[in-house]
Amino acid sequence: MLVECLRQAHFPDIVPGLLRTLKTNTSGVDQQGVAQGLSKVLSRLGIELLEGLLPDIIANVQSPRSTIRKGFMSLLIYLPATFSARSQPHLPKTISPILSGLSDTKEYVQEAAMQAGWMIVTNYSTKVIDLLLPELEQGMFDILQL
């Protein structure tokens with residue numbers, strides 16, 4: 001990938017630009033494409049960049065604006081596949097917002113959360129059950145509290 005070869009110094013606006021696009025009120029198809037593209041760019045630029053952005057990603061998944069929640073939830077769909085085992089340590093940080101998204105007031109956020117959860121289960125269920133189970137149990141308890 002071009003970004004991997006030339007690094008972020010040659011494309012200083014690519015990550016901020018993609019993040020800005022996830023915050024706009026664009027079509028679902030556009031958000032999915034941007035989320036997938038951003039995931040691949042972040043994967044090529046390294047886990048350190050993702051680690052730096054993760055607090056902002058999680059904050060945006062919990063935004064008051066549903067279009068922003070959906071955009072960043074869409075990013076959580078693609079991160080497990082593009083980062084694979086490198087993102088395992090960050091699963092506890094992302095599972096709770098994904099579970100919260102399942103009970104979102106907007107159906108399109110719920111659907112994105114369902115896809116993100118499915119991707120985590122698909123990519124990590126046999127590898128990190130000890131990390132997933134406590135978060136799932138807590139999420140189920142939180143949903144029952146509603």
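Note that the structure is predicted; figures quoted are calculated from it, not measured.
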At what distance, to the nearest 0.5 angstrom, does CG of Leu76 lie from CD1 of Ile98?
5.0 Å
Looking at every heavy atom in both Ala116 and Ile77, which two are closest together, and how far apart are they?
N-CG1, 3.6 Å
Mark yes when over 12 heavy atoms from residues, nucleotides or ligands other than Arg86 sit less than 6.0 Å from its CZ; otherwise mark no.
yes
Let me confirm one number: the CD1-CG distance from Ile57 to Leu79, rounded to the nearest 0.5 Å.
6.0 Å
Looking at Gln32 and Tyr78, what are the two nearest heavy atoms and their distance?
OE1-OH, 2.8 Å
Between Lys106 and Lys70, does the side chain to side chain contact (heavy atoms under 4.5 Å, CB included) criterion hold? Intermediate values first, please.
CA-CA 9 Å; Lys106 299 293 185 181; Lys70 183 192 183 294; over 6 Å; no
Between Glu111 and Gln115, does a side chain to side chain contact (heavy atoms under 4.5 Å, CB included) hold up when you go through it step by step?
CA-CA 6 Å; Glu111 290 171 4; Gln115 289 177 321; 5.6 Å; no
Take Thr24 and Thr21 through the test side chain to side chain contact (heavy atoms under 4.5 Å, CB included) and record every step on the way to the result.
CA-CA 5 Å; Thr24 61; Thr21 304; 4.2 Å; yes
In Å and rounded to the nearest 0.5 Å, what is the NE2 to CD1 distance from His90 to Ile47?
4.5 Å
Would a distance-only check, ignoring hydrogens and angles, find a side-chain to backbone donor-acceptor pair under 3.5 Å from Ser43 to Thr82?
yes
What is the distance from atom CG of Leu91 to atom OG of Ser96, rounded to the nearest 0.5 Å?
12.5 Å
For residues Ile95 and Leu50: do they belong to one hydrophobic cluster (side chain heavy atoms under 4.5 Å, members Ile, Leu, Val, Met, Phe, Trp, Tyr)?
yes
Of Asp13, Val34, Leu42, Leu75, the residue whose pairing with Leu18 passes side chain to side chain contact (heavy atoms under 4.5 Å, CB included):
Val34
Between atom CE of Met114 and atom CE of Met73, what is the distance when rounded to the nearest 0.5 Å?
11.5 Å
Rounded to the nearest 0.5 Å, what's the gap from CZ on Phe72 to CG on Leu19? Could you check?
5.0 Å
Heavy-atom closest pair, residues Leu102 and Ala113
N-CB, 3.6 Å
For Asn60, does its backbone N or O pair with a side-chain atom of Arg69 as donor and acceptor, under 3.5 Å?
no
Testing the basics here: between Ala81 and Met119, what is the closest heavy-atom pair and its distance to 0.1 Å?
CB-CE, 3.7 Å
For Lys93 and Leu54, work out which heavy atoms get closest and say how close.
CD-CD2, 3.9 Å
Smallest heavy-atom separation, Pro80 atom then Asn123 atom, equals CB-ND2, 4.0 Å
